[in-house]
Amino acid sequence: MIRVALDAMGGDHAPAAEIDGVHRALRDLDAEFLVQLVGQPAAIEQELARHPDLDRARVEIVEAPEVIAMDEAPLEAIRRKRKSSLVQGISLHAQGASDAFISAGNTGAVLAGSTVLLGLHQGVQRASVATLFPTAHGPALVLDAGANVDCSARELECFARLGTVYMREVQGIAEPKAGLLNVGEEERKGGAVVREAFDLLKAAPHVHFIGNIEGRDILAGHSRLGHVDVAVCDGFVGNILLKFYESVGALVHKLIEQGDPALLAHPDIRRTFEFLDYSQIGGAPLLGVKGIVIICHGSSPPNAFKHAIRMAVHSVQVGLTERIGAEFA
């Protein structure tokens with residue numbers, strides 16, 4: 001039985017959205033797993049009572065009286081609030097009492113707590129938030145998506161290796177293609193860090209590096225080299241790219257609504273919006289730490305938590321953290 005620890009108090013709509021998501025996961029997903037709800041027992045029990053059909057044999061409650069707020073300084077918060085749902089959840093994973101951890105709480109605190117309590121794999125300089133972008137040709141992984149605003153060339157090379165392992169082991173792509181996000185395809189484009197990263201990636205034996213790519217190549221695929229599986233960039237660029245992508249669905253919805261609102265009810269159009277819905281992905285894996293950690297949006301709806309649980313369970317099943325450890329060893 002796979003044990004997934006879920007920070008029940010972390011999101012903007014906690015714990016209702018988290019527990020609604022757990023209910024859907026237990027009902028809809030096939031894998032054998034149980035969920036450890038970490039947080040304030042009274043609040044959790046109140047939400048669980050809304051789901052009398054929920055399989056309580058597959059739910060554990062782990063008491064954590066404190067909550068780390070979204071605006072708290074990450075490192076200070078994890079040191080000061082040792083009994084918070086976020087720290088307690090990561091600690092369960094670090095102690096081997098759970099197999100994965102999910103949170104929609106303070107992203108910086110999840111990153112700091114995971115780095116301190118779980119540690120980094122040997123050879124990994126910094127953990128990276130990796131986000132899957134749905135595209136017409138299959139998912140593309142963008143990293144870093146916001147954890148590391150300033151990156152060295154060596155760290156960008158590390159992100160490419162982490163992304164390659166993830167896409168190979170979790171997405172089942174035999175030889176993922178990795179590109180370096182830049183302002184042009186030419187080899188000497190970009191700033192000093194990006195140019196140095198290009199040279200490192202060109203020589204990296206464990207990465208199928210296709211060269212510099214531009215923003216349009218992530219969704220449409222590279223004009224000559226086809227689908228890009230891994231797009232590497234620093235967290236400043238990656239987070240802007242992610243937030244821009246998330247606006248695409250709202251823009252398309254608005255344009256259809258203004259032109260022909262009746263089309264919104266058409267099954268094909270509805271499927272398109274489901275495809276663009278980030279909650280279908282679930283969350284973003286934090287790659288490089290010694291464990292399975294999934295970071296969700298603070299505003300995540302229940303469906304996102306359901307799919308984050310699916311992502312966590314699958315990552316455990318394929319032995320993702322062990323594969324990353326072996327790759328970097």
Side-chain angles (χ1 to χ4, degrees), residues 123-249 251-252 275-276 278 281 284-285 287-288 324 327-328:
V124 174
Q125 291 86 17
R126 294 163 89 176
S128 175
V129 174
T131 301
L132 283 169
F133 281 42
T135 82
H137 308 287
L141 189 72
V142 175
L143 69 169
D144 185 85
N148 307 288
V149 174
D150 296 305
C151 297
S152 69
R154 183 65 66 182
E155 287 163 353
L156 291 176
E157 181 210 13
C158 178
F159 296 166
R161 293 179 66 188
L162 289 169
T164 294
V165 177
Y166 184 88
M167 294 303 281
R168 185 177 66 231
E169 303 301 335
V170 177
Q171 296 296 323
I173 300 170
E175 192 176 19
K177 295 178 181 177
L180 181 63
L181 194 59
N182 207 331
V183 294
E185 293 184 14
E186 295 82 5
E187 188 168 328
R188 293 292 93 192
K189 284 283 189 176
V193 170
V194 175
R195 292 198 303 272
E196 184 184 351
F198 184 100
D199 294 335
L200 291 173
L201 286 166
K202 194 174 179 180
H206 302 293
V207 176
H208 182 186
F209 181 54
I210 61 173
N212 287 327
I213 60 170
E214 299 179 87
R216 62 189 174 192
D217 298 326
I218 296 173
L219 300 185
H222 191 282
S223 58
R224 290 183 295 104
L225 300 168
H227 181 60
V228 178
D229 303 299
V230 179
V232 178
C233 57
D234 63 46
F236 183 86
V237 172
N239 194 258
I240 291 173
L241 185 66
L242 170 63
K243 299 297 172 60
F244 181 83
Y245 182 87
E246 289 173 352
S247 72
V248 171
L251 171 63
V252 175
F275 177 81
L276 294 171
Y278 75 87
I281 297 293
L287 302 180
I324 289 174
E327 169 76 18
F328 280 83

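Excluded from the calculations below are hydrogen atoms, water molecules and symmetry mates; all remaining heavy atoms, backbone and side chain alike, are included. No experiment lies behind these values; they were computed from the predicted model shown.
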**Student:** For Thr164 and His206, what are the C-alpha separation, side-chain angles and deciding distance, and is it a side chain to side chain contact (heavy atoms under 4.5 Å, CB included)?
**Tutor:** CA-CA 8 Å; Thr164 294; His206 302 293; over 6 Å; no
**Student:** Using the salt bridge (Lys or Arg N to Asp or Glu O under 4.0 Å) rule, take Arg224 and Glu185 through it: C-alpha gap first, then chi angles, then the decisive distance, then the call.
**Tutor:** CA-CA 11 Å; Arg224 290 183 295 104; Glu185 293 184 14; 3.4 Å; yes
**Student:** Under 4.5 Å between any side-chain heavy atoms of Leu143 and Val230, yes or no?
**Tutor:** yes
**Student:** Give me the atom names and distance for the closest heavy-atom approach of Ala197 to Leu156.
**Tutor:** CB-CD1, 3.8 Å
**Student:** Would Leu287 and Ile324 count as a side chain to side chain contact (heavy atoms under 4.5 Å, CB included) if you check the C-alpha gap in whole Å, the side-chain angles of each, and the deciding distance to 0.1 Å?
**Tutor:** CA-CA 8 Å; Leu287 302 180; Ile324 289 174; 4.3 Å; yes
**Student:** Heavy atoms only: give me the nearest Leu200-Arg154 pair and the separation to one decimal.
**Tutor:** CD2-NH2, 3.6 Å
**Student:** Would you give the length of the straight line joining atom NE2 of His222 to atom CZ of Arg216, rounded to the nearest 0.5 angstrom?
**Tutor:** 8.5 Å
**Student:** Short question: side chain of His137, backbone of Asp229 - any donor-acceptor pair under 3.5 Å?
**Tutor:** no
**Student:** Hey, is the main chain of Asn182 close enough, under 3.5 Å, to the side chain of Asn212 for a donor-acceptor pair?
**Tutor:** no
**Student:** Any donor and acceptor pair, going by atom type alone, linking the side chain of Tyr245 with main-chain N or O of Pro134 inside 3.5 Å?
**Tutor:** yes
**Student:** Calculate, to the nearest 0.5 Å, the distance between atoms NE2 and CD1 belonging to His227 and Ile210 respectively.
**Tutor:** 9.5 Å
**Student:** With Leu201 as reference, evaluate His208, Arg161, Glu157, Glu196 under the side chain to side chain contact (heavy atoms under 4.5 Å, CB included) test and give the passing residue.
**Tutor:** Glu157
**Student:** Would a 4.5 Å heavy-atom cut-off, applied to side chains only, mark Ile218 and Leu181 as touching?
**Tutor:** yes
**Student:** Please identify each residue that fulfils salt bridge (charged side-chain N to carboxylate O under 4.0 Å, His left out) with Glu246, with sequence neighbours left out.
**Tutor:** none
**Student:** With respect to Lys243, which candidate in Leu241, Ile240, Asn239 satisfies the side chain to side chain contact (heavy atoms under 4.5 Å, CB included) definition?
**Tutor:** Asn239
**Student:** Measuring only between side-chain heavy atoms, which start at C-beta, is Lys202 closer than 4.5 Å to Glu187?
**Tutor:** yes
**Student:** Minimum heavy-atom separation for Gln125 to Glu155, with atom names?
**Tutor:** CB-CG, 3.8 Å
**Student:** Should the pair Arg168-Glu327 be classified as a salt bridge under the 4.0 Å nitrogen-to-oxygen rule?
**Tutor:** yes
**Student:** Does any non-hydrogen side-chain atom of Phe328 lie less than 4.5 Å from one of Cys158?
**Tutor:** yes
**Student:** Would a distance-only check, ignoring hydrogens and angles, find a side-chain to backbone donor-acceptor pair under 3.5 Å from Asp234 to Asp150?
**Tutor:** no
**Student:** Any side-chain heavy atom of Phe133 within less than 4.5 Å of one from Ile281?
**Tutor:** no
**Student:** Assign the ring pair Phe209 / Phe198 to parallel, tilted or perpendicular, where the plane angle (0 to 90°) is split at 30° and 60°.
**Tutor:** perpendicular
**Student:** Would you name the heavy atoms of Ala130 and Leu141 that are closest together and state the gap between them?
**Tutor:** CB-CD1, 3.7 Å
**Student:** Any donor-acceptor pair under 3.5 Å linking the side chain of Asn148 with the backbone of Gly235?
**Tutor:** no
**Student:** If you take all heavy atoms of Asp144 and Ser128, which pair is closest and at what distance?
**Tutor:** OD1-OG, 3.0 Å
**Student:** Grab the two heavy atoms, one from Ala145 and one from Thr131, that are nearest each other, plus how far apart they are.
**Tutor:** CB-OG1, 3.2 Å
